[in-house]
Amino acid sequence: METTLFGYTEGQIAQFGLTFGVGAFILYMLFIVLNLALESKAGKFGTFILFLVLSFGMLGFMAKNIIQWFLGI
């Protein structure tokens, strides 16, 4: 018998935390990048570069989830 917490297995709780927890953290990091761009008065091009460079890893995480969704893994 598999152990559950509130009717969810450990794998389901981990998947929920990975999807929504890390997603919320990504949104918070985007807010930090925006705040950094506004405080430094980076302008439009500087803000674009900040988002491009500092958000590149987040794009990889989202791409991984999209690829897994398409492949049905």
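Numbers for residues simply follow the sequence, beginning at 1.
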Quick one: [atom1] on [X] to [atom2] on [Y], what's the gap to the nearest 0.5 Å?
| X | Y | atom1 | atom2 | answer |
| --- | --- | --- | --- | --- |
| Leu18 | Ile13 | CG | CD1 | 13.5 Å |
| Leu54 | Ile49 | CG | CD1 | 10.5 Å |
| Leu59 | Ile26 | CG | CD1 | 9.5 Å |
| Phe20 | Gln15 | CZ | CD | 9.5 Å |
| Leu34 | Phe51 | CG | CZ | 4.5 Å |

Is there a path of hydrophobic side-chain contacts, each under 4.5 Å between heavy atoms, that joins [X] and [Y]?
| X | Y | answer |
| --- | --- | --- |
| Phe70 | Met62 | no |
| Val33 | Phe48 | no |
| Ile32 | Leu50 | no |
| Trp69 | Ile67 | no |

Answer yes or no: does atom NZ of Lys64 have more than 12 heavy-atom neighbours from other residues, nucleotides or ligands under 6.0 Å? yes

So for atom CZ, which belongs to Phe61, do other residues, nucleotides or ligands contribute more than 12 heavy atoms lying within a distance under 6.0 Å? yes

For the residue pair Asn65 and Gln68, establish whether any side-chain heavy-atom pair is separated by less than 4.5 Å. yes

Determine the minimum heavy-atom distance between Thr47 and Ala37, stating which atoms define it. OG1-CB, 3.6 Å

Sub-3.5 Å donor-acceptor pair from the side chain of Ser55 to the main-chain atoms of Met58, do we have one? no

So, does Gln12 use its side chain to make a donor-acceptor pair with the main chain of Thr9 at under 3.5 Å? yes

